[in-house]
Amino acid sequence: MTRILITSALPYINGVKHLGNLVGSMLPADVYARFRRARGDETLFICATDEHGTPAELAALEAGQDVATYCREQHAIQKEIGKRFALSWDFFGRSSSVQNRELTQHFARVLWKRGHLDVRTTKQVYSHAEKRFLPDRYVIGSCPYCGYERARGDQCENCTRVLDPTDLIDPRSAVSGSGEIEIRESAHLFLKQSEFVEQLRAWIESHENDWPNLVLSIARKWLDEGLKDRGITRDLEWGIPVPDDIGDGKLKGKVFYVWFDAPIEYIGATKEWADAGGKGDAWRGWWYGEAAKDVRYYEFMGKDNIPFHTVGFPVTIMASGEPWKLVDRLKGANYINYDGGKFSTSQKRGVFMDTALELLPADYWRYYLMANMPESSDSNFTWEHFAGVVNKDLADVLGNFVNRITKFTAARFEGCVPGEGSYGAEETGLIVELDHRVAQYSAHLEQIEFRKALAELRAIWVAGNEYLTRAAPWTHIKSDRAKAAAGVRMGLNLVHLLGHLSWPVIPTAARAIHEAIQPAPKVIPWPGEPMAEFLDALEAGQQIHAPDVLFAKVTDEQVVEWKVRFGGETKP
RNA sequence: GGCAGCGUAGCUCAGUGGUAGAGCAGGGGAAUCAUAAUCCCUUGGUCGGGGGUUCAAAUCCCUCCGCUGCUACCA
């Protein structure tokens, strides 16, 4: 049987992630992992914090901590918040782990020995104030074309021209503002990506039919523009050191570029998982050679990460000549905007994972984000839309359905599954509809089409309400108790079904729904087929429990309050 | 500047050659089990503009406009 390996793009270490980061990678990966586990597939869901690079060092500086401490603390925070969002990682590792260091150095050594790396001298901006080299975008100055005074060294935000730091007039450090900067030469290791253009293109085209358009077009664009060799080392303190046996002694004190070691951490974190669980070489069985032949590998990420997963990481693996697993299905997401603008960590604009949970439980966000995932184009978050979806879909359609049938059972059937009466034409029709809808829902999830899947899930919730209205046990109870009983029995079986089907998306609420009927296992399995059997499975006389309100509504007052608090479109 | 994606009902989005769709919002009705929650019916679009191919175009081609992103040292 096929085993399922799932990785989510690694959240960067410099602070709590916003909803845009969540919906692009971690959340869809989690929903997919839960779906696969529910279906009974052996599944491994791996994630980690991405801890290297200049922004991490600067964030630590700003926090007044050494980088190692800063990363350790931030990792713990992100892990905690992820758990509270019910992200069901099998392991949440760290790109700064020993395991990743060993693997990254292994790849670099193999690539060096095989001649796919070479040492080149580059010119870079060095700032005396910080005593460090600055990436282009950390150098600011006046744009030589439009005069904009805060143009960055890589691009002018005002006139959008692509720049080089040496183009800037009056260049200075964006960190300290110091103008004491100079261009220095520095030796770096380059990955000869250009040698792999044909191999890479063949691989990408082999996925013509099973990768989203967005992913294919971005990957092809990089190839079509001519793949350049890429520097894979940096002059930084914090990072995975380049081993002494690479680079003929010219690379002392350098570390690998974050985008070289971050994807390798997918493998590294799997090794962290195996080491932590005493599983020995099991990590290798998910990634390497014959042992991993039965593994199907899925990656989830935002569109900004696509080049690194379609070009950089695959080239690293191809260049190693070793049989590491390449991605099979790659799901790329667009961006979600906040009230018409960007989510921004630096400007504190938008909603972040920790503050989101202060407002409402994880399931509210999970459902909204998945139902409106930016799959085909960027989508837009507004508080009104969010409140509307939560109130209508979760509170009115799903919550109220569970509530009305369980309350009715408690009031009229002593809170037990009634055994009288039998299913008739109404029930048969419903079963036919649900056989179809559940199959559709399952197929959409399997194809990683989340908007369509969630629309189908919602339609299944609606079908419950439609059925109850037609069956109208509250009417029949007055004249034909057996007929009313059959309707209630079906209603309760539907609650049972919704508890199963909703679990990948809204695990906490799904558990509460399931437990209205009976205790829920840790992984709520996919409902057995056919529906005719599943929807007649509850035993007569079984006690059920009407749950408390599953979803509270978002009030207009809350919407107003949150818009102000989170700096939405209330422009002066 | 180059490249890519997007532009369909008031809103959020499906729909890739064969008589324009869904959900929400709006309008009318039914029901009274339920978190005033539900269910049924319904109004609403010259598919960004223009040109072309075709018996037939939201869909293919050209062009223009708008929005967003990427442009290799942010990650």
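Every chain is numbered from 1, with letters handed out A, B, ... down the list of sequences.
Checked against the 6.0 Å centroid criterion, the rings of A:Tyr338 and A:His18 do not qualify as a close aromatic pair.
The nucleotide whose nearest atom lies closest to any side-chain atom of A:Pro55 is, among B:rU38, B:rC74, B:rC73, B:rC74. Nearest to the side chain of A:Asp304, among B:rC39, B:rA75, B:rG69, sits B:rA75. Taking only side-chain atoms of A:Glu466, from C-beta outward, the nucleotide of B:rG69, B:rG23, B:rC39 with the closest atom is B:rC39. Distances were taken from every side-chain heavy atom of A:Val258 (C-beta onward) to each of B:rA75, B:rC24, B:rC74; the shortest belongs to B:rA75.
Taking the C1' atoms as reference points, B:rG21 lies 16 Å from B:rU43, given to the whole Å. As rounded to the nearest Å, B:rG18 and B:rC70 have P atoms that lie 35 Å from one another. With both ends at atom P, the span from B:rG49 to B:rC65 equals 15 Å, rounded to whole Å. Taking atom P on both nucleotides, B:rG10 is separated from B:rU68 by 22 Å, rounded to a whole Å. For B:rU38 and B:rU32, the C1' atoms lie 10 Å apart once the distance is rounded to whole Å. Taking atom C1' in both B:rG51 and B:rA57, one finds a spacing of 14 Å when rounded to whole Å. Here the separation of B:rU19 from B:rA56, taken at their P atoms, is 15 Å to the nearest Å. Distance noted for atom C1' between B:rG15 and B:rA22: 10 Å (whole Å).
Distance, A:His309 NE2 to B:rC70 C1': 16 Å, rounded to whole Å. Rounding to whole angstrom units, CD1 of residue A:Ile306 and P of B:rA75 are separated by 18 Å. Atom P of nucleotide B:rA25 and atom CG of A:Asn391 are separated by 10 Å, given to the nearest angstrom. For A:Leu163 and B:rC74, the CG to C1' distance is 15 Å, given to the nearest whole Å. Rounded to whole angstrom, the span from the CZ atom of A:Arg132 across to the P atom of B:rC73 amounts to 18 Å. Between A:Trp383 atom CH2 and B:rC24 atom P there is a gap of 22 Å when expressed in whole angstrom units. Taking atom CD on A:Glu456 and atom P on B:rA22, their separation rounds to 15 Å, with Å as the unit. Taking atom CG of residue A:Asn305 and atom P of nucleotide B:rU71, one finds them 11 Å apart after rounding to whole Å.
Heavy atoms of A:Phe308 sit under 4.0 angstrom from at least one base atom. Nucleic acid contact for A:Val462: sugar-phosphate only, since backbone atoms but no base atoms lie under 4.0 Å from a heavy atom of the residue. Across all strands, A:Gly332 comes closer than 4.0 Å to no nucleic acid atom at all (heavy-atom distances). A:Asn14 comes within 4.0 angstrom of no nucleic acid atom, judged by non-hydrogen atoms across all strands.
Heavy-atom contacts from other residues, nucleotides or ligands closer than 6.0 Å to CZ of A:Arg172 number more than 12.
Screening A:Val175, A:Ile181, A:Val139 for a side-chain contact (heavy atoms from CB on, under 4.5 Å) with A:Ser127, the sole residue that qualifies is A:Ile181. Partner of A:Phe413 under the side-chain contact (heavy atoms from CB on, under 4.5 Å) criterion, chosen from A:Ile477, A:Ile544, A:Leu492: A:Ile477. Among the candidates A:Asp118, A:Val315, A:Thr233, A:Asp229, the single residue satisfying the side-chain contact (heavy atoms from CB on, under 4.5 Å) test with A:Leu191 is A:Val315.
Under the 3.5 Å distance criterion, with hydrogens and angles disregarded, a donor-acceptor pair is assigned to the side chains of A:Glu427 and A:Tyr467.
The phosphate of B:rU68 has neither OP1 nor OP2 within less than 4.0 Å of any side-chain N or O from A:Lys303. Between A:Tyr257 and the phosphate of B:rA75, there is a side-chain N or O to OP1/OP2 separation shorter than 4.0 Å. Within the structure, a side-chain polar atom (N or O) of A:Arg230 is placed less than 4.0 Å from OP1 or OP2 of B:rC73. Between A:Lys452 and B:rG15 there is a side-chain N or O to OP1 or OP2 distance below 4.0 Å.
Between atom CG of residue A:Leu200 and atom OG of residue A:Ser194 there is a gap of 11.5 Å, rounded to the nearest 0.5 Å.
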Original post:
Can you give one letter per nucleotide of nucleotides 2-13 of chain B, 5' to 3': B if a protein heavy atom sits under 4.0 Å from the base, S if only from the sugar-phosphate, - if neither?
Top reply: -SSSS-----SS
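Between the side chain of A:Asp235 and the backbone N or O of A:Phe133, no donor-acceptor pair lies under 3.5 Å. Between the side chain of A:Asp50 and the backbone N or O of A:Pro11, no donor-acceptor pair lies under 3.5 Å.
By the 30° and 60° cut-offs, the orientation of the rings of A:Trp211 relative to A:His207 is parallel. A perpendicular orientation is assigned to the rings of A:Trp259 and A:His309, their planes being inclined by more than 60° (bins at 30° and 60°). Classification of the A:Phe386-A:Tyr368 ring pair by plane angle, with boundaries at 30° and 60°, yields perpendicular.
Remark: B:rA30 base-pairs with B:rU38. Criterion, Watson-Crick or G-U wobble with two distances under 3.5 Å. The partner of B:rA22 is B:rU12, judged by Watson-Crick or G-U wobble contacts that both fall below 3.5 Å. In this structure, B:rA4 and B:rU68 make a Watson-Crick or G-U wobble pair, each of the two defining distances being under 3.5 angstrom.
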Filtered N/O pairs between nucleotides 27-36 of chain B and protein, under 3.5 Å:
residue: B:rC33; atom: O2'; partner: A:Arg404; partner atom: O; Å: 3.1
residue: B:rC33; atom: O2; partner: A:Arg404; partner atom: NE; Å: 3.0
residue: B:rC33; atom: N3; partner: A:Arg404; partner atom: NE; Å: 3.3
residue: B:rC33; atom: N3; partner: A:Arg404; partner atom: NH2; Å: 2.5
residue: B:rC33; atom: N4; partner: A:Arg404; partner atom: NH2; Å: 3.1
residue: B:rA34; atom: O3'; partner: A:Asn403; partner atom: OD1; Å: 2.8
residue: B:rA34; atom: O2'; partner: A:Asn400; partner atom: OD1; Å: 2.6
residue: B:rA34; atom: O2'; partner: A:Asn403; partner atom: OD1; Å: 2.8
residue: B:rA34; atom: N3; partner: A:Asn400; partner atom: ND2; Å: 3.1
residue: B:rA34; atom: N3; partner: A:Arg404; partner atom: NE; Å: 3.2
residue: B:rU35; atom: OP1; partner: A:Lys407; partner atom: NZ; Å: 3.1
residue: B:rU35; atom: N3; partner: A:Phe551; partner atom: O; Å: 2.7
residue: B:rU35; atom: O4; partner: A:Phe551; partner atom: N; Å: 3.1
residue: B:rU35; atom: O4; partner: A:Phe551; partner atom: O; Å: 3.3

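Put simply, the side chain of A:Gln155 and the base of B:rU71 share a donor and an acceptor less than 3.5 Å apart.
Position along RNA chain B of the nearest nucleotide to A:Lys392 versus A:Gly53 favours A:Lys392 as the more 5'-ward residue.
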